[in-house]
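Dropping a structure here in structure tokens format, bear with me for questions.
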Amino acid sequence: MPEGHSVKRSANKFEEFFLNEPVKVTSPQGRFTDSKILSGQKFVFAQPKGKQLFLHFEESIVQIHLGIYGKWSYQNGEPKEPVGQVRARFQVENRLADLRGPTICSLIDADTHQSILQRLGPDPLWDDSDNKLREEFIARASAKKVPIGQLLMDQGVISGIGNVFRAEILFRANLSPFTPGNLVPNEVLGAIWDDSVDLLALGVRTSVMLTRENFQKVSVPKDERYWVYKREGMACRQCGNPVSIAMMAARKLYWCGFCQK
DNA sequence: TACTCATGAGCAA
DNA sequence: TGCTCCTGAGTAG
């Protein structure tokens, strides 16, 4: 589930497995040709920003983006033969991580790394004790006439939000996804930021996306987790009117036309 | 077994 | 806006 919370979890897990260790890196599938350069280097730290993950080794930085399909799997104990299409395998004695189906898995230089970080909007999971990130989000979102539903998916405006959180956060804000960013009051944008901080942090803790009050347990069945996401045509949980669906910037958008004005 | 769909995003037109 | 890449889960038959 590659929205920001799961990338953060991957980063934590990767550090738990490999911090300060020289890591053997291979590409069983053969498509990560730089694995040889990386192999044997000590892993220093993992840096997630939104949906991007940067793995810092002594001499190299690896950029990873899971896209829709990408997945990590971790194993303890005796390494097993790779199953399926494994793009990259990271291993130390008795621990390994397999990466499958990422959109991006490549070595990048320091300049590229910096330019990607700058291009990305603020990440609600980063420390923001001085509210700078919150202000940056408000400034970026309120500067555009693009609908807010599109802005929340724009990684240059806020990083880490995907299609599920987009729909749910706007529902929770009672805000129509079609409202242009520059017409959304700053206090509403601030509330959207605060809600993103809470929901992503909850996602990091629980590993699943939970967006309904009183449903903050992992055991919540999938079909009860969301307010509107994937509920088109079904009764809105709040007002009973049917949940709407439309395409926005080539992605499915779910909202309640009665609750979200 | 075959087909469809997905939590993403870059690119060409 | 539509096409493309990548992989696996779910579903229809």
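Note that these values count all heavy atoms, side chains included, but never hydrogens, waters or copies made by symmetry. Chain letters run A, B, ... following the sequence lines, proteins first, then strands; residues in each count from 1. Note that the structure is a prediction, hence the values are computed from the model and not measured.
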Any side-chain heavy atom of A:L53 within less than 4.5 Å of one from A:H65?
no
Without decimals, in angstroms, what is the distance between A:K252 NZ and B:dC5 P?
7 Å
What do the steps show when you test A:V208 against A:R225 for side chain to side chain contact (heavy atoms under 4.5 Å, CB included), and what is the final call?
CA-CA 9 Å; A:V208 289; A:R225 281 182 195 161; 3.9 Å; yes
Just jot down the side chain to side chain donor-acceptor pair (under 3.5 Å) partners of A:D98, sequence neighbours excluded, or say none.
A:R89
Using atom P in both nucleotides, what's the gap between C:dG8 and B:dG10 to the nearest angstrom?
23 Å
Classify every nucleotide of nucleotides 8-13 of chain B by which part a protein heavy atom approaches to under 4.0 Å, writing B for the base, S for the sugar-phosphate alone and - for neither, in 5'-to-3' order.
BSS---
Heavy-atom side-chain contact between A:K42 and A:E21 under 4.5 Å
no
Check ion pair A:R134-A:D194 (N to O, under 4.0 angstrom)
yes
Heavy atoms only, 4.0 Å cut-off, all strands: where does A:Q29 land among base, sugar-phosphate and nothing?
sugar-phosphate
Reading DNA chain C 5' to 3', which nucleotide is the first, and which the last, to come under 4.0 Å of any heavy atom in chain A?
C:dC6 to C:dG8
In whole angstroms, the gap separating C1' of B:dC5 from CD of A:E232 amounts to 12 Å
A:F178 reachable from A:Y229 in the ILVMFWY side-chain graph, under 4.5 Å edges:
no
B:dT4 and C:dC3: how far apart are their P atoms, nearest whole angstrom?
15 Å
Please report the C-alpha distance between A:S176 and A:K261 in whole Å, then the side-chain angles of each, then the deciding distance to 0.1 Å, and finally whether the side chain to side chain contact (heavy atoms under 4.5 Å, CB included) criterion is met.
CA-CA 5 Å; A:S176 163; A:K261 296 297 186 190; 5.8 Å; no
Describe the nucleic acid contact of A:R31 in one word from base, sugar-phosphate, nothing, applying a heavy-atom distance below 4.0 Å.
sugar-phosphate
Testing A:W72, A:F90, A:Y74 for ring-ring contact (aromatic ring centres under 6.0 Å, His included) with A:F17, which one passes?
A:Y74
Rounded to whole Å, how long is the line connecting atom CD1 of A:I245 with atom P of B:dC5?
11 Å
Taking the basic N atoms (NZ, or NE/NH1/NH2) and the acidic carboxylate oxygens, is any pair closer than 4.0 Å for A:R140 and A:E136?
yes
Classify the nucleic acid contact of A:F165 as base, sugar-phosphate or nothing, counting any heavy atom under 4.0 Å across all strands shown.
nothing
